[in-house]
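The block underneath contains the structure these notes are about, expressed in structure tokens.
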Amino acid sequence: MANHKTAAKTSGKTAAAESGKTRITIAYGDGIGPEIMAATLSIMEAAGAQLAYDEIKIGQDVYLKGMESGMEPGAWEVLRRNKVFLKAPITTPQGGGYKSLNVTVRKTLGLFANVRPCRAYTPYVESYFPTMDLVVIRENEEDLYAGIEHQQTAEVVQCLKLVSRPGSEKVIRYAFEYARAYGRKKVTCMTKDNIMKLSDGLFHKIFDEVAKEYPDIESNHYIIDIGAALLADKPEMFDVIVTLNLYGDIISDITAQVAGSVGLGGSANIGDGFAMFEAIHGSAPDIAGKDLANPCGLIHAACLMLVHVGQPKVAERIMNALLKTLEDGIHTGDIYNAAHTLQKVGTKAFAKALIERLGQTPAKLKAVSMGENIKPIEVKVRPTPPTAKRLLGVDVFLHWTGEHRNPHELGQILESLTGDQLKLKMITNRGLKVYPDGFPETFCTDHWRCRFVARQSLHGMARSHTPEADVIYYDIISLLQRLMSAGLNFIKVENLYEIDGQRAFSLGQGE
Ligand code: NAD
């Protein structure tokens with residue numbers, strides 16, 4: 001480890017380029033990070049990887065020194081210069097504290113696709129699914145991981161789910177291109193568009209559009225709940241899976257676990273010109289510093305990285321030695337099994353055993369074979385076409401308690417404040433319509449969504465201020481002024497649009 005650090009500090013970019021080495025950025029991370037990184041670097045060196053390293057410091061120690069970003073000064077510059085990053089896991093506190101640095105790096109560098117290959121190593125690593133061999137490709141920048149959360153009332157907290165057309169198209173195209181490049185036959189999309197008809201609906205719609213351009217690849221779609229259940233029960237039926245960020249996060253851990261251990265999986269975070277490689281597991285503070293950690297996840301990630309930087313044969317050498325080590329029954333504690341473990345080892349001894357097997361191939365497990373020229377996958381998204389947008393109304397969210405939280409009482413107050421241009425269409429509580437015609441049994445929180453739309457003209461036609469809008473922003477502003485004067489506490493407004501002739505907002509449940 002010390003050697004690599006010294007090399008990183010003393011050699012410059014030009015020196016690395018001259019020596020034919022690819023210069024990458026590494027971070028030792030938190031918890032078990034330093035142990036598994038040291039093991040991985042020693043294996044790459046022994047396998048003949050042509051790499052030079054710049055080490056950056058990120059994670060808990062940096063936060064504790066008062067640097068809120070979790071990165072030491074200058075780290076971004078190194079990341080941007082080298083473009084390839086091998087990162088050990090870092091600790092992110094739950095429920096509070098600093099933002100996830102992993103998510104920040106992924107988003108800042110535009111790493112839109114998170115690729116997690118996952119196969120079984122039975123019987124050497126126990127799994128019920130000996131033939132499973134799949135890849136989860138997860139959208140990596142959007143969805144609920146936008147990290148936009150607000151507590152809006154005493155009782156209700158909101159997390160915004162953002163799904164974009166270019167963000168979805170990029171990762172979906174990547175999944176099809178990946179399938180082609182790696183000889184995979186099928187791409188499965190998973191969403192929850194029966195419930196989130198607009199956001200997950202957009203992802204599914206784009207999947208269907210893009211799938212038509214790849215007639216050589218089979219494609220299908222599952223609702224995420226049944227998809228996740230099938231992954232836990234019949235993972236062999238899947239090949240490449242593409243899905244939104246949160247679902248992908250969850251199902252890639254399910255697949256790693258049913259394949260044998262989360263300690264085995266590696267992942268590639270791919271962007272335009274940038275890439276970050278990491279183990280899928282976390283910093284495992286419970287076993288940190290004890291020489292117990294399985295380094296296979298980071299070794300895997302390093303192999304994905306070697307393919308990315310054009311050294312696939314080194315990756316192949318390492319992967320085959322790793323398979324041979326597992327086959328020879330040399331296992332870390334997390335994959336110990338009485339039937340096939342001959343030697344239970346720590347992190348260092350596992351790395352040593354793997355290095356001794358470099359150049360060997362497994363006898364029973366399927367050996368890894370890489371082509372010489374695996375080109376990085378590039379995707380281009382279509383430009384978003386111009387859209388025609390009409391403002392049809394507004395949802396005003398209120399923090400209101402009233403007496404007995406009676407929706408009818410709130411409805412009456414609002415009816416008296418609507419003005420000439422707008423009318424109150426409905427009130428919902430947690431998405432369910434409670435006014436007009438609500439049920440007294442419905443439980444209501446202090447968080448109300450009040451929908452206002454254009455009043456109809458005397459002739460039954462919608463009022464029109466301009467050729468393209470039924471409501472103008474001024475109507476909304478004057479409505480808010482009236483609500484404020486009446487002592488109502490509005491939390492936020494959400495405009496209601498029609499886009500290209502289609503309603504661009506969800507209806508209230510029960511509407
Ligand atoms: P974890 O993956 O660190 O650990 C879950 C369990 O698996 C623990 O029992 C651990 O001992 C075991 N385990 C994990 N990796 C192992 C390995 N290589 N060898 C043997 N056993 C292993 O998940 P967690 O406990 O939920 O998270 C711990 C911390 O890691 C949290 O702060 C979390 O935010 C962070 N985390 C970071 C990343 C990342 O850096 N990419 C990813 C996930 C979690």
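Both ligands and their constituent atoms are indexed starting at 1 by order of listing. Numbering of residues begins at 1 and proceeds along the displayed sequence.
- The pair Asp54-Arg81 meets the salt-bridge criterion, since a charged nitrogen lies less than 4.0 angstrom from a carboxylate oxygen.
- Between Lys57 and Glu55 there is a salt bridge, since at least one side-chain N of the basic residue sits less than 4.0 Å from a carboxylate O of the acidic one.
- Per-residue contacts place Thr91 under 4.0 angstrom from the following atoms of ligand 1 (heavy atoms of the residue considered): 32 (O).
- Contacts of Ile32 with ligand 1, taken as heavy-atom pairs under 4.0 Å, involve the side chain alone.
- Arg138 places a side-chain N or O within 3.5 Å of a backbone atom of Asn245 that can act as its donor or acceptor partner.
- At under 3.5 Å, not a single nitrogen or oxygen of Pro285, backbone or side chain, sits near a nitrogen or oxygen of ligand 1.
- Under a 4.0 Å criterion applied to the non-hydrogen atoms of Glu278, ligand 1 contributes the atoms 41 (N).
- A salt bridge links Arg382 to Glu169: one of the charged nitrogens lies within less than 4.0 Å of a carboxylate oxygen.
- Formation of a donor-acceptor pair under 3.5 Å by the Glu142 side chain with backbone atoms of Ser164 is found in this model.
- Proximity annotation for atom 44 (C) of ligand 1: of Pro295, Gly282, Ala284, Gly282 comes nearest, heavy atoms only.
- Set against the non-hydrogen atoms of Ile287, the atoms of ligand 1 under 4.0 Å away are 11 (O), 20 (C), 21 (N).
- Residue Asp334 touches ligand 1 through its side chain alone, judged by heavy-atom distances below 4.0 Å.
- The shortest N or O to N or O distance between Asn102 and ligand 1 is under 3.5 Å.
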Evaluate the side-chain hydrogen bond (donor to acceptor under 3.5 Å, both in side chains) criterion for residues His331 and Thr341: first the C-alpha distance (whole Å), next the side-chain angles of each, then the deciding distance (0.1 Å), finally the verdict. CA-CA 6 Å; His331 298 162; Thr341 304; 2.9 Å; yes

Donor-acceptor list for residues 119-126 side chains, cut-off 3.5 Å, not counting sequence neighbours:
{"from": "Arg119", "atom 1": "NH1", "to": "Lys366", "atom 2": "O", "distance (Å)": "3.2"}
{"from": "Arg119", "atom 1": "NH2", "to": "Lys366", "atom 2": "O", "distance (Å)": "3.3"}
{"from": "Tyr121", "atom 1": "OH", "to": "His300", "atom 2": "NE2", "distance (Å)": "3.3"}

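- One finds no salt bridge joining Asp272 and Lys380 here, because no Lys/Arg side-chain nitrogen approaches an Asp/Glu carboxylate oxygen to under 4.0 Å.
- Below 3.5 Å of separation, one finds an N or O of Ser283 facing an N or O of ligand 1.
- In this structure, Arg23 contributes its side chain and Tyr53 its backbone to a donor-acceptor pair below 3.5 Å.
- Comparing Asn269, Asp286, Asn294 by heavy-atom distance to atom 19 (N) of ligand 1, the nearest is Asn294.
- Interface of Ala293 with ligand 1, defined as ligand atoms under 4.0 Å from a residue heavy atom, comprises 19 (N).
- Residue-to-ligand polar distances keep Ile280 apart from ligand 1: every N/O pair is separated by 3.5 Å or more.
- Every atom of ligand 1 with a heavy atom of Pro89 under 4.0 Å away is listed here by number and element: 40 (O).
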